[in-house]
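Contents: one structure, followed by commentary.
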Amino acid sequence: MNKKTKYLVSYLSNLWGTKKPVAKLFRTNSGYYLYDTGTSKVLRCKFHVYELLNLLFSEEISTAISSFKAEHGEKIFEDVSADIIKAIDTEGILSSMGATRFGSGDHYANIEELVKSSLGMITLEITENCNLRCGYCIYNSYNENAREHSKTEMCIEVALKGIDYLKKNSHKKDRVAITFYGGEPLLRFKFIQRCVEYARSTIKEKKIDYSITTNGTLLTPEIARFFRKHNFSVVVSIDGPKEIHDSFRKDTKGKGSFQKAIQGLKTLIDIYCQDASEKISLSMVYTPPYSRKRLDRIASLWDELPWLPADLNVNMTYPSTGTFPYEHFSKDELNEDVDMRMWGAEKFKKKYSGVEKGHPISNSQEELKLAAFMQRKIFHSPEDRYFLNGCCVPGVRKLFIASDGTFRVCEKISFNAPTIGNVFTGIDLHIIKSIYIDSYEKLSLPACSRCWAIRLCHVCYIYAFEDKNLSLRRKSVGCRAELDAKERLLNLFSVLTENDLSGLDYLYSYKLQ
Amino acid sequence: MEVIKSGLESVKGGGCPCICSTGWSGADTMGLETGDCAFNCGCLAATTQANLAANCAKASGEPCPVV
């Protein structure tokens, strides 16, 4: 073993011990890259650096070096070795051997104060009833983790108590938010009016942001004017052109809802005028038979409806896990020639390179992901502080109040997950601390500690429960999807920067919701 | 190896640069929002240290302890 080899072996052995650093090597068609988990930096590498790192990550250090030298020769090894050492010394990379803890302990010491002072938003489930029976609705009989549709409605006392709770526990916030959710919340428009009236008269000292998620079919000019007057943000569920929308979004008699939903959306957009793009957004669910053709057809909604703003915010998703009768489709119909996210990334790449003008669907989806990536925290040296994946702080940023007044972490979490209090007795800090923080950390850390994507992770409580309990098996489903998504994101980011290194800088000022 | 410009650099080499004592740093990871921080300083959207300081002071009512 010559001097330079000995030096690298000694240097890396001291740094890594018997472990390997947590990092991700990846490549595009024209570049080689390293994402370093400890610092969260992305580095472009030369081919030979990539090759040596690849060997070092998978083999014992001296064996990896021997293999590399046998393949590429001594001179290249010396150059590559110097390059790697320099990057470690100057950028602090390749020095994290994994997380030893999540951000609990001291970080959670203030949760009691936060819960009592910094609540940002309540979501009121004002009815469990809906005038539609969409084929993928989370509230259907296929989904064991959710309630079914029912006639149950929130009584006004519960709603007003919820608003009182928001007021009482948000004194450190200068603005708060109230969201109306269902079922279909517009089945109870007068109830919404009553809540808004009460909130305005009760929470006088703060700005209140209102929002609602609706299927749009019950929207009238009167309702749209009310929303406009109170500056509501409105999410309307539209899946695409008529034949696509109507294939799953049907009323209780099985009739498609497209016509009514689009009429409602048009009314809303007309009344919001120039504020439409900012305050109105579409929620689209991409359903089988999956194909590029179907995605292009969905995108053609904007061609069919010229009044639809080109810069409308769109969130397109697959049906939620466990809610969809996939067995009703053939294998061919479920096989994808292009994944929805890949389709969006392709469109965005074309826009970025000036080939196409872009599309609201891909712009919304890709810009949001890339902006979050551009605005992530990076470090000079590895920092052994990691948050609970993408979990919110239960009862602080938002609180879901079910129709019977119970508190839940959010509207998307399993219906069987433990509740965290109710409007009558208040928040249950014990449950939050013991289940949502301590048990979640205990469950997750072994799997997450050496995961390269730990700093980028969006997995949260939504993916963590199976029946009433935290479940690693259930969470691992979300983990796999998340790892795949983050690998694609790194790839997209790198390809775009190959095209224009500073072209994504505008995303530093993108407002993340 | 060349770092590709992206990300917001942590002022203190780790942790929320606005005020670590709260422990809740929206800035520490994507996926959390500024609302998760007790001071709601807007650090996720802040692109410079000056912005951070201004936002923190505004939100907490105290001078930024870092910048």
Side-chain angles (χ1 to χ4, degrees), chain A residues 33-34 40-46 49 83-84 86-87 91 93 103 106-110 113-114 117-118 120-121 172-173 372-381 383-387 389-393 396-398 455-458 460 493-494 497 501-502 504-505 508-509 511-513, chain B:
Chain A
Y33 297 89
L34 172 81
S40 207
K41 292 176 183 174
V42 180
L43 294 93
R44 186 168 178 145
C45 324
K46 291 173 184 154
V49 170
D83 203 0
I84 291 173
K86 186 182 168 197
E91 299 296 344
I93 61 164
D106 290 347
H107 306 134
Y108 291 83
N110 289 325
E113 187 198 331
L114 289 172
S117 66
S118 303
M121 177 172 93
K172 279 195 175 174
K173 309 284 283 187
F373 185 71
M374 290 297 286
Q375 294 180 28
R376 78 194 186 280
K377 221 63 196 155
I378 58 171
F379 304 92
H380 291 298
S381 55
E383 181 71 22
D384 191 20
R385 285 186 57 191
Y386 300 87
F387 276 75
N389 304 135
C391 294
C392 66
V393 187
V396 178
R397 186 162 69 80
K398 61 180 183 177
R455 287 205 192 281
L456 308 175
C457 183
H458 267 162
C460 71
F493 166 76
S494 304
T497 55
L501 198 58
S502 57
L504 293 173
D505 284 358
Y508 279 121
S509 54
K511 193 175 176 191
L512 295 170
Q513 295 295 316
Chain B
M1 299 174 80
E2 173 203 359
V3 174
I4 305 176
K5 186 189 165 197
S6 64
L8 298 173
E9 211 156 284
S10 170
V11 180
K12 290 175 76 176
C16 176
C18 50
I19 184 156
C20 296
S21 61
T22 69
W24 289 113
S25 98
D28 256 335
T29 176
M30 55 187 281
L32 293 183
E33 297 177 19
T34 49
D36 292 330
C37 172
F39 293 99
N40 197 20
C41 69
C43 46
L44 254 182
T47 53
T48 65
Q49 291 190 10
N51 280 349
L52 273 175
N55 286 336
C56 184
K58 189 179 164 192
S60 67
E62 296 166 9
C64 175
V66 178
V67 184

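By convention in this document, chain letters (A, B, ...) are assigned in the order of the sequence lines, proteins followed by strands, and residues within each chain are numbered from 1. Only heavy atoms go into these numbers, but all of them, side chains included; no hydrogens, no water, no symmetry mates. Given the structure is predicted, the values throughout are model-derived calculations rather than measurements.
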Over all atoms of both residues, closest heavy-atom pair of B:Met1 and A:Ile93: CE-CD1, 3.9 Å
For B:Val3, the option from A:Leu34, A:Leu43, A:Val42 that meets side-chain contact (heavy atoms from CB on, under 4.5 Å): A:Leu43
Separation between NZ of B:Lys5 and CG of A:Leu501, rounded to the nearest 0.5 Å: 8.5 Å
A:Tyr33 OH to B:Ile4 CD1 distance, which is reported to the nearest 0.5 Å: 5.0 Å
Partners meeting side chain to side chain contact (heavy atoms under 4.5 Å, CB included) with A:Lys86 (sequence neighbours left out): A:Thr90
Interchain contact, A:Thr497 with chain B, by part (heavy-atom threshold 4.5 Å): side chain
